[in-house]
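Keep in mind it's a predicted model, so treat the numbers as computed, not measured.
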Amino acid sequence: MNLEELFKENKEQTIQGRYLTLEHIQPLLDKLNTNNQVKLIGKSVLDKPIYSYEVGSGDTRIYLWSQMHGNESTTTKALFDFINVLNSKTDLAAKLLDTFTFYCIPILNPDGAALYTRENANKIDLNRDSQNLTQPESNVLRKVFEDFKPHYCFNLHDQRTIYGAGDFGKPATVSFLAPSYNEEREVNDNRLKAINLIAGINDILQEYIPGQVGRFDDSFNINCIGDTFQFLGVPTILFEAGHYSGDYSREITRKFIFFSLISAFRILSENDLVDNRFYDYLNISQNKVVFYDFMYKNIKINYDGIEIITNFVAQYKEELIENKIHFNAYIAEVGELENYFGHFEYDGEGASYSDDYSNFPNLNQKADFYLNKNIKFVNGLIKS
């Protein structure tokens with residue numbers, strides 16, 4: 001199967017970038033709703049509709065939800081790309097629809113999506129509300145789980161650019177987790193199914209992004225939805241869409257999430273799961289906080305009248321301004337910063353730092369500065 005060609009043929013061209021709201025996907029839902037496949041299953045805190053899309057007639061029930069965190073839209077894009085495959089009337093589509101029944105919630109948190117926040121309108125992290133169920137969105141997710149009775153759950157998220165796959169200087173472009181179901185982090189049959197599936201997906205991704213697949217920490221937290229569903233006996237996989245070099249719009253990462261979905265369902269449909277791949281799963285590099293967006297090395301800085309050669313870093317803040325996401329770079333840390341990397345790195349080779357304020361890279365200051373008075377950086381990058 002040529003995954004690259006499959007993605008090109010099925011990429012949903014009407015949605016792109018990081019800011020993805022209910023208004024953006026409503027036309028897609030309307031187009032998909034040819035035979036009552038789209039249903040209103042609840043309302044958000046601000047009374048926005050939460051929709052589901054159900055398709056397929058197979059015995060294996062798959063439950064997928066995205067944008068539980070409103071500002072995590074990459075997996076939503078990939079989900080619609082995958083839905084296009086299901087509606088492509090190809091042999092692959094026929095096989096998938098005959099094998100599986102898919103229940104998708106494209107945007108669980110429409111209020112957070114509109115505000116571009118992790119939380120919902122009540123400032124609650126829905127991924128910490130799986131036990132108390134204090135929020136309407138949490139109750140929608142749980143009710144579907146109880147009614148649909150899935151065989152597998154796919155919990156679709158984005159992760160920040162700070163994560164690397166291990167500490168080798170490669171970004172964690174896609175990361176996975178088979179959540180724990182108890183404090184001891186034991187592996188029972190249900191968790192092993194998730195582990196084996198992740199190992200199979202990783203085999204495919206390593207052909208495209210070698211060394212850029214991460215494994216998320218599996219500390220148990222029953223308040224997290226994945227841990228809860230795993231505890232309740234359903235194999236659950238956490239997907240984390242991360243950074244690929246230069247891809248702040250996450251259009252390349254989107255492709256690899258699509259690859260992951262296609263690969264997962266190919267493995268399941270062909271019953272291609274190996275009995276026990278626990279050690280293959282453990283060999284996936286641990287997700288680690290090792291990156292900044294910008295790293296400036298060997299910079300001469302005047303520190304209390306003493307000139308020192310040191311490093312400093314800057315990080316983007318994603319700010320919603322007039323319905324558009326702006327990536328604004330701010331100074332984040334000054335120091336040796338051993339064992340950290342930058343997605344953009346610049347070696348100043350002893351060049352002197354200066355700016356329009358205090359001539360010192362103060363924390364939370366915009367990353368606008370000069371080196372040797374003649375190299376200008378604006379918003380973290382060299383201004384040509």
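- Looking at heavy atoms from C-beta onward, L268 lies in side-chain contact with F100 at the 4.5 angstrom threshold.
- The aromatic rings of Y103 and F148 are tilted relative to each other, their planes meeting at an angle between 30° and 60°.
- Taking a cutoff of 4.0 Å between a charged side-chain nitrogen and a carboxylate oxygen, R142 and E146 qualify as a salt bridge.
- With contacts defined as side-chain heavy-atom distances shorter than 4.5 Å, the pair K43/I50 does not qualify.
- Checked by atom type and distance alone, the side chain of D30 never pairs as donor or acceptor with a backbone atom of L28 at under 3.5 Å.
- Side-chain atoms of K11 never come within 3.5 Å of backbone atoms of K77 as a donor-acceptor pair (strictly under, hydrogens ignored).
- Rounding to the nearest 0.5 angstrom, the gap separating the CZ atom in F239 from the CZ atom in F256 is 15.0 Å.
- Q67 and S73 are not linked by any side-chain donor-acceptor pair at a separation below 3.5 angstrom, with hydrogens and angles left out of the test.
- Once rounded to the nearest 0.5 Å, the distance linking CD of E338 with CG of N311 reads 9.5 Å.
- Each of Y152, F259, F154 was scored for a ring-ring contact (aromatic ring centres under 6.0 Å, His included) with F265, with one residue passing: F154.
- Taking CZ from F360 and CG from N302, the interatomic distance works out to 9.5 Å, rounded to the nearest 0.5 Å.
- Taken to the nearest 0.5 Å, the CG atom of L3 stands 11.0 Å off from the CG atom of L261.
- Side-chain contact between I262 and M1 is present, with at least one heavy-atom pair separated by less than 4.5 Å.
- Residue F312 is tested with F369, F294, Y292 for a ring-ring contact (aromatic ring centres under 6.0 Å, His included); the sole match is F369.
- In this structure a side-chain-to-backbone donor-acceptor pair under 3.5 Å is missing from N298 to D347.
- Smallest separation of non-hydrogen atoms from P110 and L108: CD-O, 3.1 Å.
- A donor-acceptor pair under 3.5 Å is absent between the side-chain atoms of N71 and the main chain of A113, judged by distance alone.
- Note: F229 and W65 have perpendicular aromatic rings, judged against thresholds of 30 and 60 degrees for the angle between ring planes.
- Pairs engaging residues 201-220 under the salt bridge (Lys or Arg N to Asp or Glu O under 4.0 Å) rule: R185-D218, R191-D218, D203-R277 [sequence neighbours left out].
- With H69 as the partner, the side chain to side chain donor-acceptor pair (under 3.5 Å) test is satisfied by one option alone out of D125, N120, N109: D125.
- Side-chain contact between L126 and Q135: present, with at least one pair of heavy atoms (C-beta onward) separated by less than 4.5 Å.
- Looking at I25 and F80, their side chains come closer than 4.5 Å, going by heavy atoms from C-beta outward.
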Side chain to side chain contact (heavy atoms under 4.5 Å, CB included) between E319 and I325: does it pass, once the steps are laid out? CA-CA 5 Å; E319 299 174 336; I325 304 305; over 6 Å; no
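- Checked against the 6.0 Å centroid threshold, Y353 and Y296 do not count as a close aromatic pair.
- Side-chain atoms of R250 do not come within 3.5 Å of backbone N or O of R18 as any donor-acceptor pair.
- In this structure, F327 has its ring center under 6.0 Å from that of Y248.
- In this view, S245 satisfies the side-chain contact (heavy atoms from CB on, under 4.5 Å) rule with no residue, not counting sequence neighbours.
- Looking only at distances, no side-chain donor or acceptor of S263 sits under 3.5 Å from a matching main-chain atom of S260.
- Distance alone, capped at 3.5 Å, places no donor-acceptor pair between the N122 side chain and the I124 backbone.
- Atom CG of residue N196 and atom CD1 of residue I201 lie 11.0 Å apart, to the nearest 0.5 angstrom.
- Look at K193 and D189 and you find no salt bridge, because none of the NZ, NE, NH1 or NH2 atoms lies under 4.0 Å from a carboxylate O.
- Each of I301 and M295 belongs to its own hydrophobic cluster when Ile, Leu, Val, Met, Phe, Trp and Tyr are linked at side-chain heavy-atom distances under 4.5 angstrom.
- Aromatic ring orientation, Y163 versus F216: tilted (interplanar angle from 30° to 60°).
- No cation-pi contact links K376 to Y370, judged by a cut-off of 6.0 Å to the six-membered ring centre and 45° from its axis.
- The distance from the NE2 atom of H157 to the OG atom of S175 is 12.5 Å, given to the nearest 0.5 Å.
- Q365 and D355 are linked by a side-chain donor-acceptor pair at a separation below 3.5 angstrom, with hydrogens and angles left out of the test.
- Contact check on K297 versus E349 returns no salt bridge, with no Lys/Arg side-chain nitrogen under 4.0 Å from an Asp/Glu carboxylate oxygen.
- If you run side chain to side chain donor-acceptor pair (under 3.5 Å) between R254 and each of T76, T75, D247, D81, only D81 comes through.
- Looking at heavy atoms from C-beta onward, P171 lies in side-chain contact with Q212 at the 4.5 angstrom threshold.
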